[in-house]
Amino acid sequence: MTTVIKRNKWEIWRDVIFALFAREIRTGFNDKFGLSWAVVNPVVFIFVLSFLRGRLAGGDTHTIPTFTFMAIGILFIQSFLQTLGSAARSIKKNKALFAFRQVQPISAVFASALFEVLIKIFVIIGIVIIMFFMNMELQISDPLLFMVCFFLLWILAVSLGLLFGIAELFIAEIGKLRDLLTRPLFFVSGVFFSLQDFPKEYWHFLNWNPILHAIELTRYSVHSTYGHEGVSLGFLASIVLIFVFISLAVYHISWKKAISR
């Protein structure tokens with residue numbers, strides 16, 4: 001006699017996300033380098049840029065080692081842009097699977113974003129290992145603040161990715177607009193500079209950007225002497241909460257119409 005195993009909605013959603021997560025790994029890294037390239041590539045990129053900037057700019061930048069200063073900026077902007085792009089593309093990429101009742105667009109977005117955050121965790125580990133073997137200064141004053149900033153920025157990227165992913169199903173050209181809008185973020189988010197490099201009367205031109213708040217607060221979490229004037233964890237959390245609400249509201253209203261197009 002066959003036994004039918006009944007699962008609740010949470011168990012079904014968990015299994016769907018795991019299956020999509022496994023599919024993301026198989027389809028995205030099926031060449032000779034495999035999954036290792038997803039970690040090695042950003043580690044090398046971050047290390048080379050940070051090392052060169054450290055050599056050119058000297059020892060410290062606002063009391064924090066220049067290598068650490070640059071590594072945090074590049075890591076966070078890469079994490080944001082790649083998570084946003086991956087989450088936005090995941091809906092269209094997995095559209096054929098939405099014919100199955102259990103598979104919904106938000107599951108594809110979450111699986112893709114989860115894959116990106118796991119890669120970045122391994123990237124952080126890789127950078128720390130390199131710093132250890134090169135006898136670079138390893139210090140973190142507030143680990144909790146570091147993790148909070150990292151995951152708040154990740155949630156913001158997922159929320160925006162969900163919005164763009166839904167919009168792209170209605171208007172295909174939204175993907176090109178997304179690329180156009182996100183490219184300048186690499187240069188206005190404090191990756192190569194600090195808010196402290198500018199006079200206070202000009203800060204309002206920059207501190208509207210929640211990514212800048214995340215990067216500056218993370219630098220402060222690593223070296224408390226860096227300071228956190230001009231940035232706020234409350235502002236970052238508020239922006240993230242607003243976009244989470246907007247993205248979920250838009251998704252709830254339009255996802256069935258979007259996948260039927």
Side-chain angles (χ1 to χ4, degrees), residues 6-24 27-28 76-77 79-118 120 148-185 189 208-214 232-261:
K6 292 185 178 180
R7 297 178 297 170
N8 58 42
K9 291 183 179 179
W10 288 107
E11 290 174 331
I12 293 172
W13 194 53
R14 179 199 62 198
D15 293 342
V16 167
I17 289 174
F18 180 78
L20 290 170
F21 180 79
R23 185 173 184 267
E24 189 81 20
T27 58
F76 271 59
I77 194 64
S79 177
F80 177 82
L81 294 176
Q82 290 175 0
T83 301
L84 192 158
S86 179
R89 290 188 298 268
S90 65
I91 297 180
K92 185 176 287 187
K93 185 171 69 174
N94 294 286
K95 190 176 179 181
L97 298 177
F98 302 148
F100 298 97
R101 183 170 54 87
Q102 297 90 342
V103 184
Q104 296 181 3
I106 198 169
S107 302
V109 170
F110 192 75
S112 179
L114 182 62
F115 180 64
E116 289 295 332
V117 78
L118 287 176
K120 289 301 175 286
V148 168
C149 291
F150 181 81
F151 283 106
L152 281 176
L153 194 62
W154 177 75
I155 294 169
L156 179 62
V158 176
S159 301
L160 289 172
L162 180 60
L163 280 174
F164 277 110
I166 291 293
E168 284 178 35
L169 294 180
F170 290 100
I171 306 172
E173 290 74 16
I174 290 290
K176 296 178 182 178
L177 179 62
R178 169 174 54 82
D179 292 337
L180 186 65
L181 292 174
T182 54
R183 279 173 189 166
L185 292 176
S189 300
W208 55 267
N209 185 352
I211 307 172
L212 173 68
H213 286 254
S232 166
L233 183 61
F235 174 81
L236 174 61
S238 299
I239 294 296
V240 171
L241 189 62
I242 289 169
F243 276 102
V244 167
F245 176 79
I246 292 172
S247 62
L248 290 177
V250 170
Y251 173 80
H252 179 72
I253 292 169
S254 61
W255 74 270
K256 290 183 180 179
K257 187 183 295 183
I259 64 174
S260 65
R261 293 179 68 87

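- Rounding to the nearest 0.5 Å places OG of Ser107 at 10.5 Å from CD1 of Ile91.
- The shortest distance between side-chain heavy atoms of Arg23 and Leu97 falls below 4.5 Å.
- Here the straight-line distance linking atom OG1 of Thr182 with atom CD of Gln82 works out to 11.5 Å at 0.5 Å rounding.
- Within a 6.0 Å sphere centred on CZ of Phe243, other residues, nucleotides and ligands contribute 12 heavy atoms or fewer.
- Residues satisfying the ring-ring contact (aromatic ring centres under 6.0 Å, His included) test with Phe235, not counting sequence neighbours, are His213.
- The shortest non-hydrogen separation linking Ser90 to Asn94 is O-ND2, 2.8 Å.
- The line from NZ of Lys120 to OG1 of Thr83 is 6.5 Å long, rounded to the nearest 0.5 Å.
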Please lay out, stage by stage, how Phe164 and Leu177 fare under the test side chain to side chain contact (heavy atoms under 4.5 Å, CB included).
CA-CA 10 Å; Phe164 277 110; Leu177 179 62; 5.6 Å; no
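- Between Val158 and Val117 there is no side-chain heavy-atom pair separated by less than 4.5 Å.
- The shortest non-hydrogen separation linking Ser247 to Ser159 is CB-O, 3.3 Å.
- Scanning for side-chain contact (heavy atoms from CB on, under 4.5 Å) contacts around Leu233 gives Leu145, Val148, Cys149, Leu152, Leu217, Leu236, with sequence neighbours left out.
- Summarising the geometry, atom CG belonging to Leu185 is positioned 4.5 Å from atom CD1 belonging to Ile211; distances are rounded to the nearest 0.5 Å.
- What you find for Gly234 and Ser238 is that their closest heavy atoms are O-OG, 2.7 Å.
- Listed here is the closest heavy atom pair of Ala87 and Ser112: N-OG, 3.9 Å.
- A side chain to side chain contact (heavy atoms under 4.5 Å, CB included) with Leu163 is found for exactly one of Val250, Ile174, Leu248, namely Val250.
- Nearest approach of Ala88 to Glu168, heavy atoms of both residues: CB-OE2, 3.9 Å.
- Leu160 CG to Arg178 CZ: the interatomic distance, rounded to the nearest 0.5 Å, is 11.0 Å.
- Side-chain atoms of Ser79 never come within 3.5 Å of backbone atoms of Phe76 as a donor-acceptor pair (strictly under, hydrogens ignored).
- Between Leu81 atom CG and Ser189 atom OG the span is 7.5 Å, to the nearest 0.5 Å.
- For the side-chain contact (heavy atoms from CB on, under 4.5 Å) test, residues two or more places apart in sequence or in another chain that qualify with Tyr251 are Gln104, Pro105, Ile106, Leu162, Ile166, Trp255.
- The two residues Leu153 and Ala214 come nearest to each other via the heavy atoms CD1-CB, 4.2 Å.
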